Every structure is written in C-alpha cells, then in structure tokens.
There are 2 protein chains.
Amino acid sequence: MSRGRSSYVGAVPILVAVDCIILGFDHEGLKLLLFRRKIKPYQGEWSTIGSFVRPEESVESAAARVLESHTGLENIFMEPLGHYGAVDRDPGARVISLPYFALIRLGKEEINTTLTHQANWFDINAIPPLILDHNQMVAAALKELRRKARYRPIGFELLPEKFTIPQLQQLYETIYNKALDNRNFRKKILSMKILERLPEKDKSTSRKGAFLYSFIPKRYEQMVEKGVDFVL
Amino acid sequence: MSRGRSSYVGAVPILVAVDCIILGFDHEGLKLLLFRRKIKPYQGEWSTIGSFVRPEESVESAAARVLESHTGLENIFMEPLGHYGAVDRDPGARVISLPYFALIRLGKEEINTTLTHQANWFDINAIPPLILDHNQMVAAALKELRRKARYRPIGFELLPEKFTIPQLQQLYETIYNKALDNRNFRKKILSMKILERLPEKDKSTSRKGAFLYSFIPKRYEQMVEKGVDFVL
DNA sequence: CCAAAAGTGTTATCGCTACACCCATGA
DNA sequence: TCATGGGTGTAGCGATAACACTTTTGG
C-alpha cells in the first residue's frame, strides 16, 4: 500500500497505446494515411500512427492528440474499434492497443500538411505490409466502414460540405466495390430527404455540370438515430 | 533503458481492467448478473464483475477468465464493447476498463452456481446504481444487444439448444420492449430457413404444446455474415 | 455538332403489414 | 367442455430492381 493513491495492490500496469486508422475519400477512391515509424522496433516501416496514452489524458483525447499532431485536423469523426491485447503482439514491450478509426474529408490542403512527416496516402486496395497487427486493424476498419455505410447514411464525414450526387454515388460504389444504378441511387437517397439541393453546379467533371447538394444536419441525425438499411 | 525488454522509454504504464456485462434470458425476461464488489473503494456495492489484466494473459483471456471464475461457464459468446478511459473514472487509481458483453443461456443450474459469490440476477428494467461508470457500460451493452438483434439473428447465444417459436418471439419482444404479431413473426423467422423443427413438443407452457426448434448452425452463420434487417 | 456526363419514369415483383379464427389438450 | 396458448392465410400497399433515352454545354 505504499504506491500512492492506488488501492489495487498487486495489479500490474501495462503500456496502452492508441492507433489511428485514418481514411479519406477523393476522386481516385478511398485512401488510407500511413506513416513511417519513428521509433524502434520496426523503425522506418509503414505503420498507422499512434502514441502511448499519457497519465494525464483520457484515451479519447490521446487519439485526438495523435490525429491533430499529424494532420492538423480537429473535431474529426473518430470511433474506437475494439482492442488488440495479445501478450506478444509487440516485441518491444507488452502493449495493449486501442485503435480508432477516423474519417476525413480529403482536400488538397490536408494532403500537403501530412507529407511533411514521412506520410503517404495509399489506395485502399494497395496497402503495403504494416508493422505488428496493423494490417488487421486496417481490415477491421474497412469492415466497419462497410457496415456503417449500410446501416446509416455516411458521407458527412467523408465528403466536402458541398458535393454532387454522382460523387456520393461514387463514394458508395467505392465502399461496396460494386456498380450502382444511378436512377435507383438518386431515387433512394433523395427519398430520405437528407439532402438539400443548392443553386450552384459543380462543372469540374462535366460540361453540363452537376448540382451541388449539402446534408441537412437535423434530418441526417434523425436517420443516423433511426438506422437505415441502405443496401444498394 | 534499464527496465527490461521495453524499448519504449518514457511511456507510462497504466492499469487495465476487463469488466463483464453478463446478460441472460429466461421466462421472466432479460437479466443482468451483478456482484457485490470485494475490494475497496466501493467495497460491498453492486458492480459488474471484472479484474485487472495480468501480464501473462491477453485481454480476451482475462475476460474469459473472469467469466469462468464467476459463473463456471466457458466458451461463451463475448464481445468487446468499446473502452472507458477517462483519467478520473476510478478514484482508486488510473484504470482503463475494457468491458465485454457476454450472452448466456439461462438454466436453473447457472443461477445456483453464481449465488455463492454475493451475486444476483437483476431484471434489466430494475438495475440498481452501480459503481463508477458501470451503469453506462450496462446501458451500452443493452444498446448493443438491440442493435445486434436488429442486424443479425440472435438467439443462439441467449436460448437453450431447443426452444419454441413463442419463446424466440418473447425474446425479441423483451429486447425490443414491444409486442409483435405472431403470424408475421413466424413467417419472417421461418422464411430465413435457419430453424429446424424437431419432432418433439414443449408442453411446459400450454396444454397443446409448442414444437421445439433448433438453429441450423451453417445457415445461421450465413445469415450472420450477410446481415439482416430484422425490424419487427 | 459532338462527346461526355447529368438527369429523368415506368413497370413487375417482392416483402411487409394488418388482421381473426381454428386447433389440440389437460384438467 | 372449456380455458389456454399454439398455429395458420390472405389481401393491399409500398419499396425495390430492372431497364434506355434526353439534356446540357464546352470545345
């Protein structure tokens, strides 16, 4: 009982890390942000980005700190993704990892800020071998993304504020890896009444131009609450 | 670098606990298994059952150990349920908790074995105040159970091997807290083709008797994989 | 005027919902 | 014989899936 405030005599503390699986979407498809590891073991290899949880911060703020310090982004959609707790998963020490999965809106700016720290966006279908069990974590994140996309509208997190319906369709097609009928897609997404059509058009991808839409936050939230079976 | 095999200098280890949220189902409804806490602080108060993760065991096996040592049950359906990592959640020490949610089949035997350790089954609608953030964990477990029940067949975990359709319907009614039409329920569940009708009847609840069914494991697994929107 | 992407309707089918009565049996 | 829970069918409606052509406009 001589170890400060702890009354849990005999319990052995363990290193706890958070790892961020950062996904983004742009015209080329779904991307994963990876980093060259800065410490040993496995220094220099590709890895998701993580950090040990510090005594004075919550697990959640550790994850936010990691994301912010490597991308400059704050208030990002993040969600815990289980835990990895095998005894020998990390040869450097016994470490329990709590991965978070983050969805970010890809614009040109974000990509630049990250290129500074030995970072790179990888196409989701061409992920290199990663250290430890990180490939597993990425696979879990992808599975979770697909699950999520099915049961709730997604897009607020992965699309810019204004987007076109073809863009949204492309996002779903990328996630499901499957072509969708554009008439039915439009019908279904519009019938949810979570989109507001703006007066502007995006002419960057066609001569005709596609109308821009934005999510109606209130209705979007209602849909998330209620749950939707968005099989396409 | 004098602390053994760790190459993670400066990282501060933290106590990690697992907590088991144990749910069961019987003729009276959905139940939660709670225990009187054996250690300080909060000794004697109602709590889910937990333990610190030991250096030589994985997180998962810690959860299995806790469940086994308090109920005698092995090979139970258990699933991690996020994590609780606020700095001051436990006044005894900085502890990160990794709750697991377990579903067990309630028979008379199980109840007896647990009554020895200051344990009690509580109706899910009458949970007493629990220590720390355990009420939150229980609420999360319930929410997860409802979510699960909607998106995949459930029942393998909560029902005995042989069960009747009225029993299964009652399980869903309890989970959703909502009455269901028995014709439609039957139609839907049978159309999934995951049930096999046995030649026997259970006569314990009616003079006529209800046919016993069992799940067809293979088809059940397929359904779980594929996902179902089981809104009733 | 043409290439390229955006946008638009209809029909057939399927699954869901709502709803009420007969059946089997033990006491 | 009667009380109790178990078991069954159908019709209407709404959602989904399949399917091809017109519109716009910059070059």
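None of the values given here were measured: they were computed from a predicted structure. Convention: sequence-line order gives letters A, B, ...; per-chain numbering from 1. All values below come from the heavy atoms of this structure, side chains included, with hydrogens, waters and symmetry mates left out.
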Inset, instruction - Please list, chain by chain and in numerical order, all residues satisfying ring-ring contact (aromatic ring centres under 6.0 Å, His included) with A:F211, sequence neighbours excluded. - result: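 Residues passing ring-ring contact (aromatic ring centres under 6.0 Å, His included) with A:F211: none at all.
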
Inset, instruction - Determine which pairs satisfy side chain to side chain donor-acceptor pair (under 3.5 Å) with at least one residue from residues 190-201 of chain A, sequence neighbours left out, and list them in order. - result: A:K162-A:E200

Inset, instruction - Check DNA chain C against residues 160-176 of chain B and give the residues with a non-hydrogen atom under 4.0 Å, in numerical order. - result: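 Residues of residues 160-176 of chain B that come under 4.0 Å of DNA chain C do not exist, since none gets that close.
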
Inset, instruction - Hey, could you give me each pair passing salt bridge (charged side-chain N to carboxylate O under 4.0 Å, His left out) that has a residue in residues 131-156 of chain A? Not counting sequence neighbours. - result: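 For residues 131-156 of chain A, and leaving out neighbouring residues, the salt bridge (charged side-chain N to carboxylate O under 4.0 Å, His left out) pairs sorted by first residue read A:E79-A:K148, A:R89-A:D133, A:E144-A:R147, A:E144-A:K148, A:R150-A:D229, A:R152-A:E157.
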
Inset, instruction - Hey, could you give me each pair passing salt bridge (charged side-chain N to carboxylate O under 4.0 Å, His left out) that has a residue in residues 205-216 of chain B? Not counting sequence neighbours. - result: none

Pairwise N/O distances under 3.5 Å, protein to nucleotides 20-23 of chain D:
| unit_1 | atom_1 | unit_2 | atom_2 | d |
| --- | --- | --- | --- | --- |
| D:dA20 | N1 | A:R183 | NH1 | 3.4 |
| D:dT23 | O2 | A:K208 | NZ | 3.0 |

Check salt bridge (Lys or Arg N to Asp or Glu O under 4.0 Å) between [X] and all other residues, then give those that pass, not counting sequence neighbours.
X      : answer
A:R219 : none
B:D123 : none
A:E225 : none
B:E74  : none

Inset, instruction - Check each residue of residues 187-201 of chain A for a non-hydrogen atom within less than 4.0 Å of any atom in DNA chain D, then write out the ones that pass by number, or none. - result: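 A:K187, A:K188 - these, ordered by number, are the residues of the stretch whose heavy atoms sit under 4.0 Å from the strand.
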
Please give, in whole Å, the distance from [N] [atom2] to [X] [atom1]?
X      : N      : atom1 : atom2 : value
B:L212 : D:dG6  : CG    : P     : 12 Å
A:R150 : D:dT16 : CZ    : P     : 13 Å
B:N184 : D:dA11 : CG    : P     : 15 Å
B:F185 : D:dT8  : CZ    : C1'   : 16 Å
B:R186 : D:dG5  : CZ    : P     : 15 Å

Legend entry - Nucleotide interval of DNA chain C bounded by contacts with chain A (heavy-atom cut-off, under 4.0 Å):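 Nucleotide range in contact with chain A: C:dA3 to C:dT10.
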
Inset, instruction - Determine, for A:F25 and A:K31, whether the Lys NZ or Arg CZ falls below 6.0 Å from the six-membered ring centre while staying within 45 degrees of the axis. - result: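 Pair A:K31/A:F25 does not count as cation-pi.
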
Inset, instruction - Could you tell me whether A:R37 sits above the aromatic face of A:W46, with NZ or CZ closer than 6.0 angstrom to the six-membered ring centre and within 45 degrees of the axis? - result: no

Legend entry - Candidates D:dG26, D:dA17, D:dG7 - which lies nearest the side chain of B:A210: D:dG7

Inset, instruction - Check whether any side-chain heavy atom of B:M78 lies under 4.5 Å from a side-chain heavy atom of B:C20, and answer yes or no. - result: yes

Inset, instruction - Could you tell me whether a side-chain N or O of B:Y100 sits under 3.5 Å from a main-chain N or O of B:D19, the two making a donor and an acceptor? - result: no

Legend entry - First of A:G209 and B:G209 reached from the 5' end of DNA chain D, by closest nucleotide: B:G209

Inset, instruction - For this output row, return yes or no: ring centroids of B:Y151 and A:Y151 closer than 6.0 angstrom. - result: yes

